[in-house]
Amino acid sequence: MNDLIYNQRDIPREEHRYGLRPSADVGCGWVATYNALRILGYQTDIDRLIRYYEWQLPLIHGNAGTFFWGPAVCFRKWGFPVKLVAGRQRYDEAAKAADVCILFYHWRSRYKLGAHFVALRHTDTGFVGYNTYRNSTGADAYGESLEGFLKKRKYFGTVLICIWDKGGNTLESSRQTG
């Protein structure tokens, strides 16, 4: 899986802009979608994916990032079975049953408040996330419990998007990203 994006900050500031801002700053939503598609074995064109997200919120155009329901809307439109799960105590079971997930959460650091999307999946060694931290260089180990991971980090306002492959990843990139 060398073609995953492990750290959005590695995206050059002028490449793959999201609205008027660099994807390195506000691109976690499309990055999580891209990574989830790659984990499922699908190809997509990054710039078309970004334009699709910008179209979702025409007045904002990605300048404030992606709204929490954005990835679910995309995957449903593309024909993937999707389930939104609220309540951290239900995340572990739901995520283990899904082929891939996208987790949305809020974080707080002293006087800063933000939100983030990550693609994740369950493996034999526990949950693994992609593009989790500012210094990520590969897949990030979350341990055996998403609930425990979120509690430990004090992330809040979370939503888990569970995605299942629709069977036979034969879509062409133009059909995937609208």
Side-chain angles (χ1 to χ4, degrees), residues 1 3-40 42-86 91 94-95 98-109 112-121 127-134 136 139-140 142 146 149-150 153 155-164 171 173 176-178:
M1 285 199 218
D3 55 352
L4 294 174
I5 299 171
Y6 294 115
N7 191 326
Q8 74 191 64
R9 299 207 179 276
D10 293 339
I11 300 169
R13 296 195 68 77
E14 293 305 318
E15 191 174 320
H16 306 305
R17 294 189 65 83
Y18 194 25
L20 300 173
R21 300 182 64 196
S23 286
D25 295 340
V26 294
C28 61
W30 76 256
V31 168
T33 301
Y34 173 84
N35 283 341
L37 284 167
R38 295 302 304 138
I39 290 166
L40 291 170
Y42 292 87
Q43 296 286 338
T44 191
D45 178 84
I46 290 174
D47 291 319
R48 290 184 74 183
L49 181 60
I50 290 170
R51 281 193 305 273
Y52 180 79
Y53 271 120
E54 289 174 339
W55 170 83
Q56 276 187 342
L57 299 166
L59 298 175
I60 297 174
H61 297 295
N63 290 307
T66 305
F67 283 101
F68 75 89
W69 68 82
V73 170
C74 288
F75 279 94
R76 280 190 181 130
K77 180 179 186 233
W78 300 328
F80 291 87
V82 173
K83 178 181 178 185
L84 277 98
V85 180
Y91 286 3
D99 292 324
V100 68
C101 296
I102 294 178
L103 177 65
F104 173 81
Y105 57 84
H106 287 89
W107 55 267
R108 180 181 17 244
S109 174
K112 289 177 116 180
L113 179 66
H116 193 54
F117 286 95
V118 295
L120 65 91
R121 64 190 175 121
F127 290 101
V128 177
Y130 305 90
N131 188 39
T132 308
Y133 308 112
R134 288 179 179 262
S136 293
D140 301 300
Y142 290 6
L146 283 178
F149 172 78
L150 294 167
R153 298 243 166 233
Y155 294 153
F156 62 98
T158 61
V159 175
L160 182 69
I161 303 168
C162 297
I163 306 159
W164 289 266
L171 280 186
S173 63
Q176 286 183 29
T177 59

Contacts of type side chain to side chain donor-acceptor pair (under 3.5 Å), residue [X], not counting sequence neighbours:
X     : result
Tyr91 : Thr158
Asn35 : none
Asp99 : none

How long is the straight-line distance from [atom2] of [Y] back to [atom1] of [X], given to the nearest 0.5 Å?
X      : Y      : atom1 : atom2 : value
Leu103 : Leu150 : CG    : CG    : 5.5 Å
Tyr6   : Leu4   : OH    : CG    : 4.5 Å
Leu120 : Tyr130 : CG    : OH    : 9.0 Å
Ser136 : Ile5   : OG    : CD1   : 12.5 Å
Trp30  : Arg48  : CH2   : CZ    : 15.0 Å
Gln8   : Arg134 : CD    : CZ    : 9.0 Å

Are [X] and [Y] packed together at the side-chain level, in the sense that at least one heavy-atom pair is separated by less than 4.5 angstrom?
X      : Y      : value
Leu160 : Leu84  : no
Phe149 : Thr132 : yes
Ile46  : Tyr34  : yes
Phe75  : Ile161 : no
Lys83  : Trp164 : yes
Leu49  : Thr33  : yes
Arg38  : Gln43  : yes
Tyr52  : Val73  : yes

* **ring-ring contact (aromatic ring centres under 6.0 Å, His included) evaluation trace for Phe80 with Tyr42** => CA-CA 12 Å; Phe80 291 87; Tyr42 292 87; 5.1 Å; yes

Exercise: identify the closest heavy-atom pair between [X] and [Y]:
X      : Y      : result
Ala98  : Cys162 : CB-CB, 3.7 Å
Trp107 : Ala115 : NE1-N, 3.5 Å
His16  : Ile11  : CD2-CG2, 4.2 Å

* Asked: Just checking, Arg121 and Phe127: is the charged tip under 6.0 Å from the six-membered ring centre and within 45° of the axis?
  ->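 Pair Arg121/Phe127 does not count as cation-pi.
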
* To do: Please test Trp69 against Val159 for side chain to side chain contact (heavy atoms under 4.5 Å, CB included), starting from the C-alpha separation and ending with a verdict.
  => CA-CA 9 Å; Trp69 68 82; Val159 175; over 6 Å; no

* **Tyr133 and Asp140: CA distance, side-chain angles, deciding distance, side chain to side chain contact (heavy atoms under 4.5 Å, CB included) verdict** => CA-CA 8 Å; Tyr133 308 112; Asp140 301 300; 3.7 Å; yes

* To do: Could you check Arg108 against Phe156 for side chain to side chain contact (heavy atoms under 4.5 Å, CB included), going step by step and ending with a plain yes or no?
  => CA-CA 9 Å; Arg108 180 181 17 244; Phe156 62 98; 3.9 Å; yes

* State whether the number of non-hydrogen atoms from other residues, nucleotides or ligands found under 6.0 Å of Arg76 atom CZ is greater than 12. =>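 For Arg76, atom CZ is crowded (more than 12 foreign heavy atoms under 6.0 Å).
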
* Show the numbers, then the answer: is there a side chain to side chain contact (heavy atoms under 4.5 Å, CB included) between Cys28 and Asn131? => CA-CA 8 Å; Cys28 61; Asn131 188 39; 4.2 Å; yes

